[in-house]
Enquirer: 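Supplied in structure tokens, the structure appears directly below.
Throughout, protein chains are lettered first and strands after them, A, B, ... in sequence-line order, and every chain is numbered starting at 1. Just so you know, these numbers use all the heavy atoms, side chains as well, and skip hydrogens, waters and symmetry mates.
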Amino acid sequence: MARLRFCTADGDVESVGEVRMKFDALRRRFSQLEDAKETSCGNKRADLRASTVLMNNGILANTRKRIGAVPGIEIGGIFFFRIEMCLVGLHAPSMAGIDYMNLKFDREEEPVAISIVSSGGYEDDVEDKDVLIYSGQGGVSKRKDKKEKEAGDQKLERGNLALERSLHRGNEVRIIRGMRDLVNVTGKIYVYDGLYRVHESWTEKGKSGCNVFKYKLLRIPGQPEAFVIWKSVQQWRDNVSSRPGLILPDLTSGAEKLPVSLVNDVDYEKGPAHFTYSRTLKYSKPIKSMGPSVGCSCQSTCLPGDPHCSCVMKNGGSLPHTANGVLVVRKHVIHECGPSCKCYPNCRNQVSQNGLRVRLEVFKTNDRGWGLRSWDPICAGTFICEYAGEVVDEVKVGVDMDGDEENEYVFDSTCDIDDSFEWNYAPELLDEERHEARGPQLSLVISVKHSGNVARFMNHSCSPNVFWQPVLYDHSDESFPHIMFYAMKHIPPMTELTYDYGLCGTYFRNMQRRVCLCGSYKCRGFIH
DNA sequence: GAGTATTCACTTAC
DNA sequence: CGTAAGTGAATACT
């Protein structure tokens, strides 16, 4: 997936990835801190606070303005905040819709447009997904005495002038399309839709009767699909049967809260080998013998920092997820509220146990069997699914497989990826203490050969976009946690979900290594 | 209550 | 140093 384009001193796949990871890590931490505060003071906006820290530390990519593609930023990439696009050099202004720069032509210096963020206010203007009609900027001024806004004619200056010049010069303009976030209704998601050219400009009368500039941009052909995927998904959502290659509208037969469609649009295979769909984890011994969990006695909902809430205290005094359910940092274990707690079921300390929240699809890959992907865009830290199956008896792990054929449908927690268990964690930027994330080594092995949930279809990648997190809620035995999968980074719709299967696990130790086909430039060459 | 409008706080680049 | 900019979140209103 991640293709290495070219490297420059200030921007490439690695540095853009690092900036984006750190930005979101800080942003989540700031929201968590803000959540816990009763009296808020100063800047409440976690996104802006995170960006300030990064800028003060010089953690930026592609700081030089440029025309055309930006190293390390793929077409189809998604952003949840405007400021995120500033930090990686995709679109420099924090609020304005048009970015431009002066370019020398012969001896004349002229402003030309570099990139546009289209908020989608005029989305019904055009049917064709390769066309963008964009309104110019300006024409609105604040009256000095009152706070009311006054409409006026737009002028041929700033971004408008730059777009006009770009029409004549024919330079590439990056287009970012803003869409409403369906999960977080107040939020917006920005999709980088690749390069366009300005083809036409005119003026028309706006609502207030004043002149507005209009620009028609056409997408340069031959680029990977981006925005058009969003439009297709929208169609499938309205009518599942319009999904090409659909085999089953819901492979879980209603077991999950959301349907999971089964799709094959590459060959004629009619589906994966038979298995029983089960969304719960089956233990080899009863939960009671594992030590029941002692719940909290909160009245309605558990609050961060509450010393009387035993669940909050088990999590180190804070809630592991932000107010909109995004995991803040990876820990050796997370304690969610469970059946033995007195708090209400809508308590904010119950996230991963509540099942699917993103619309998933099991699909046939080109060369790695069946895989998993999402119709919805996924924000870093979002819960995706549990690894549900049968816990393999500890005695059987590591001994020979009784002549059983090799079972590859296994999750093995003993596989060491590297010595670090961390994800997106940068306490040094906040002058915070680094806590030891890795707890005692788990020996948990889960088989999904006979029964399991969607997680059994998740393939391995050496540069994955998903990681696992142990969670406890229905018992207190730390050696048998639930294994919950979360997004490592923002994942655009229809991108395959993968996690790192790791190396040298006890279960796989005596098996032949499989060749890895993940295609990442960091590929280790083998799985397990 | 959910969905929309308004207000308010805040940042970058002229 | 002021100001504009398809911001984003919290709050006020239907």
Enquirer: Under a 4.0 Å threshold between the charged nitrogen and the carboxylate oxygen, would Asp193(A) count as salt-bridged to Arg177(A)?
Expert: yes
Enquirer: Send over the distance from Ile98(A) CD1 to dA13(B) P, rounded to a whole Å.
Expert: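 To the nearest whole Å, that distance equals 16 Å.
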Enquirer: Classify Gly159(A) by what it touches in the nucleic acid, base, sugar-phosphate, or nothing, heavy-atom distance under 4.0 Å.
Expert: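 Since no nucleic acid heavy atom lies under 4.0 Å of Gly159(A), the category is nothing.
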Enquirer: Looking for any heavy atom pair under 4.0 Å, which part of the strands does Arg177(A) touch: base, sugar-phosphate only, or nothing?
Expert: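 Touches nothing.
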Enquirer: Check whether any side-chain heavy atom of Met55(A) sits under 4.5 Å from a side-chain heavy atom of Leu60(A), and report yes or no.
Expert: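 A side-chain contact exists here, since the closest heavy-atom pair is under 4.5 Å.
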Enquirer: Examine Phe383(A) together with Tyr486(A) and report whether their ring centres are nearer than 6.0 Å.
Expert: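 Distance test on ring centres: under 6.0 Å, yes.
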Enquirer: Look at the side chain of Lys44(A) and decide which nucleotide, out of dC14(B), dA10(C), dT4(B), has an atom nearest to it.
Expert: dA10(C)
Enquirer: Using the P atom on both, measure dA5(C) against dC1(C) and round to a whole Å.
Expert: 22 Å
Enquirer: Measure from the ring center of Phe467(A) to the ring center of Trp423(A) and say whether it is less than 6.0 Å.
Expert: yes
Enquirer: Is it true that Glu428(A) and Arg434(A) make a salt bridge, defined as a side-chain N closer than 4.0 Å to a carboxylate O?
Expert: yes
Enquirer: Roughly, in whole Å, what's the span from CE in Met85(A) to P in dG8(C)?
Expert: 8 Å
Enquirer: What's the closest nucleotide to the Tyr190(A) side chain, out of dT12(B), dC14(B), dT7(C)?
Expert: dT7(C)
Enquirer: Rounded to whole angstroms, how far apart are CG on Asp181(A) and P on dT7(C)?
Expert: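 That distance rounds to 15 Å.
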Enquirer: Which nucleotide sits closest to the side chain of Met55(A): dC14(B), dT12(B), dG8(C)?
Expert: dT12(B)
Enquirer: Which sits closer to the 5' end of DNA chain C, Ala96(A) or Thr186(A), going by the nucleotide each is nearest to?
Expert: Ala96(A)
Enquirer: Which comes earlier along DNA chain C counting from the 5' end, the contact point of Arg158(A) or that of Gly187(A), where each point is its nearest nucleotide?
Expert: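 Counting from the 5' end, the first nearest nucleotide belongs to Arg158(A).
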Enquirer: Identify which nucleotide among dT7(C), dT12(B), dC10(B) has an atom closest to any side-chain atom of Leu48(A), counting heavy atoms from C-beta outward.
Expert: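 Ranking dT7(C), dT12(B), dC10(B) by closest atom to the Leu48(A) side chain puts dC10(B) first.
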Enquirer: Where the side chain of Gln137(A) is concerned, which of dA5(C), dG8(C), dC14(B) is the nearest nucleotide?
Expert: dA5(C)
Enquirer: Go ahead and name the base partner of dA10(C); Watson-Crick or wobble counts if both distances stay under 3.5 Å, otherwise write none.
Expert: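 Paired with dA10(C), as far as the under-3.5 Å criterion goes, is dT6(B).
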Enquirer: Whole-Å distance between dC14(B) C1' and Glu157(A) CD?
Expert: 11 Å
Enquirer: Can you tell me if Ser119(A) touches the phosphate of dT7(C), counting only side-chain N or O atoms and a distance under 4.0 Å to OP1 or OP2?
Expert: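 Yes, Ser119(A) has a side-chain N/O under 4.0 Å of OP1/OP2 on dT7(C).
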Enquirer: CG of Asp99(A) versus P of dA13(B): gap in Å, rounded?
Expert: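 The answer, rounded to whole Å, is 9 Å.
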Enquirer: Could you state the CG-C1' distance from Leu161(A) to dA4(C), rounded to the nearest angstrom?
Expert: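 Going from Leu161(A) (CG) to dA4(C) (C1'), I get 17 Å.
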Enquirer: Ignoring hydrogens and geometry beyond distance, is the side chain of Arg45(A) in donor-acceptor contact with the base of dT7(C) at under 3.5 Å?
Expert: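 Such a pair exists between side chain and base.
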Enquirer: Below 4.0 angstrom, N of the basic side chain to O of the carboxylate: do Arg243(A) and Glu361(A) qualify?
Expert: yes
Enquirer: Atom CD of Glu34(A) and atom P of dA9(C): how far apart are they, to the nearest Å?
Expert: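 That distance rounds to 11 Å.
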Enquirer: Taking only side-chain nitrogens and oxygens of Tyr100(A), does any of them come within less than 4.0 Å of OP1 or OP2 of dA5(C)?
Expert: no
Enquirer: Using whole Å, what does the distance between atom C1' of nucleotide dT7(C) and atom CE of Met179(A) come to?
Expert: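 Distance, rounded to whole Å: 18 Å.
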